[in-house]
Protein chains: 2
Amino acid sequence: MLFKHNAKQARQTNPAPAMPHTYDYARPALTVDLVVFAFDDTDPELKVMLIERGLNPFKGQWALPGGFVHVGEAVDAAARRELEEETGLKKIYLEQLGTYGAPDRDPREHVVTVAHFALVNLHGHTVQASTDAANAAWFPVVDPPTLAFDHPQILDDALTRLRNKVRYVPLGFELLPPRFPLRSLQSLYETVLGKELDKRNFRKKILQMDLLIETNQIEKDVAHRAAKLYKFDKKKYDRMTKKGFNFEL
Amino acid sequence: MLFKHNAKQARQTNPAPAMPHTYDYARPALTVDLVVFAFDDTDPELKVMLIERGLNPFKGQWALPGGFVHVGEAVDAAARRELEEETGLKKIYLEQLGTYGAPDRDPREHVVTVAHFALVNLHGHTVQASTDAANAAWFPVVDPPTLAFDHPQILDDALTRLRNKVRYVPLGFELLPPRFPLRSLQSLYETVLGKELDKRNFRKKILQMDLLIETNQIEKDVAHRAAKLYKFDKKKYDRMTKKGFNFEL
DNA sequence: CCAAAAGTGTTAAAACTACACCCATGA
DNA sequence: TCATGGGTGTAGTTTTAACACTTTTGG
């Protein structure tokens, strides 16, 4: 596992007793897959979580984490369940990305998957490539390993969505710890958008939205002047959104 | 049917022989649903296509058109198939909206549906509420009848998507005939965005994008000065998009 | 000749972009 | 005292928003 707790392996959690079910018409199988992004502040780069497959097809290759949707379980709930199993974290930002249903995307049979993307912040958690027993690891999104199934496409779509959405929805904060210096926020935007931003203009713009609360804390353990830490005022954002405000970087 | 040809009814097109299929684990059923929008230039208002249900559950109520995804058929292909069956039109703009998978959304069993939204233009086709045998009809999106299943939610989400997307993707043209006067385009934007736009500013902005080709035709049968007709230069738009251009109204 | 919509420029305000230096801190 | 990033303002340019009249056409 990537984080401290020891959740069960994900791809094996189909729970119901193996009692056959019969339908008049053939049905595709239904799964969820997860594109879990994290931002590495120190690199800085965007990472994606991948799982090394223990079974065929694509045994030994890397793939997005995911699993079957149980009957009677909401699709989004299935995604959240898988996400918690993989990361051990609750309250993670999660949204549906899209559904991938080409009949040949899984060589075994027709498997339709509902892809989601999630944003986590790494806090104090160590991030390293290729960690432990479960063979989950973080990879740079710009240079991932060969991926199983149509996961390259899904990853690409997720990245496109993130890049577009981050400009007009305050998603960036989901990738940072609750309190962060402005430099981290700028660095995140620069990484996601793939271009440099002017420091003064960036600070001016983000501060005059009046959505960041200045805390009385400052950075620790930095070898230079410590920056003030800010937190995002989500409640205020929600209120302003209802009144027609548009976040726009 | 809404249009001239006579396609088969949609909800009955599950084709394979009724030969039972058995799986180790229960599977949700998988369907596609369609939110088909059209713009009525003369009203002007946005319309959505609905079907009156002939069977339970929700018999006699209105619902979004849709049907089952066949095994071996891509999900998006299923949506397009249903769309063609309903409208008789090919080459319609179609995109995936999202997947709705709450276990109780269909009272019979767990049915997961992949919703799509489509944009058609009504050309010379007559538009009227409650037409013919198949009981398909256009309704104003702002005041639809009571809808079956979770279709109110889906319709609402589709509308939200359209309103947001129309601002930065040239979707509007899909709702107009190939050649249209600027007034129709403006009227469409005003309807979708729900606010009035300044005529001079609108024309200035849209024309200086240089994506509209002035044709040598003018409106016919209008009781006032006839306006020039324009067409959208999709090829140029595609080229410009690749070079980093962003449509933005 | 009337009604209805087409078509057309200018100006003021706001937003955006580019740009450089001093300050605080820890090593 | 040096290296590192924190923090700050202004001026030129571009973009947006507000606004009214003349022209054309059919009835």
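Order of the sequence lines fixes the chain letters, A, B, ..., with proteins taken first and strands second; residue numbering starts at 1 for each chain. Computed over heavy atoms, backbone and side chain alike; hydrogens, waters and symmetry mates excluded.
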For Y237(A) and F232(A), take the angle between the two ring planes, folded into 0 to 90°, and tell me which bin it lands in: parallel under 30, tilted 30 to 60, perpendicular over 60. tilted
Whole-Å distance separating the [atom1] atom of [X] from the [atom2] atom of [N]:
X	N	atom1	atom2	result
D221(B)	dT24(D)	CG	P	21 Å
K220(B)	dA6(C)	NZ	P	17 Å
I206(B)	dT16(D)	CD1	C1'	16 Å
E248(B)	dA15(C)	CD	C1'	14 Å
E219(A)	dT25(C)	CD	P	12 Å
L249(A)	dA15(C)	CG	P	15 Å
Q186(B)	dA6(C)	CD	P	9 Å
F202(B)	dC19(D)	CZ	C1'	18 Å

Side chains of N164(A) and Y168(B): is there a donor and an acceptor less than 3.5 Å apart? no
Please figure out whether V222(A) or D198(B) has its closest DNA chain C nucleotide nearer the 5' end. D198(B)
By nearest-nucleotide position on DNA chain C, the 5'-leaning member of I218(A) and A223(B) is A223(B)
Please pick, from [options], the nucleotide with the shortest atom-to-atom distance to any side-chain atom of [X].
X	options	value
R225(A)	dC19(D), dG27(D), dG5(D)	dG5(D)
K199(A)	dT17(C), dG27(D), dG7(D)	dG7(D)
R183(B)	dG7(C), dT25(C), dA6(C)	dA6(C)
H224(A)	dT23(D), dT8(C), dG5(D)	dG5(D)
K228(B)	dT8(C), dC19(D), dT17(C)	dT8(C)
K204(B)	dA24(C), dT8(C), dT10(C)	dT10(C)

Looking at every non-hydrogen atom in both residues, tell me the closest pair between R167(A) and N246(B) and how far apart they are. NH1-ND2, 4.3 Å
Can you find a donor-acceptor pair, distance only, under 3.5 Å between R200(A) side chain and dA20(C) base? yes
Would D33(A) and Y100(A) count as a side chain to side chain donor-acceptor pair (under 3.5 Å) if you check the C-alpha gap in whole Å, the side-chain angles of each, and the deciding distance to 0.1 Å? CA-CA 10 Å; D33(A) 281 307; Y100(A) 295 77; over 6 Å; no
Partner of D238(B) under salt bridge (Lys or Arg N to Asp or Glu O under 4.0 Å), picked from K234(B), K235(B), K236(B), K242(B), is K234(B)
Look at the side-chain N and O atoms of R203(B) and state whether any lies under 4.0 Å from the OP1 or OP2 oxygen of dG7(C). yes
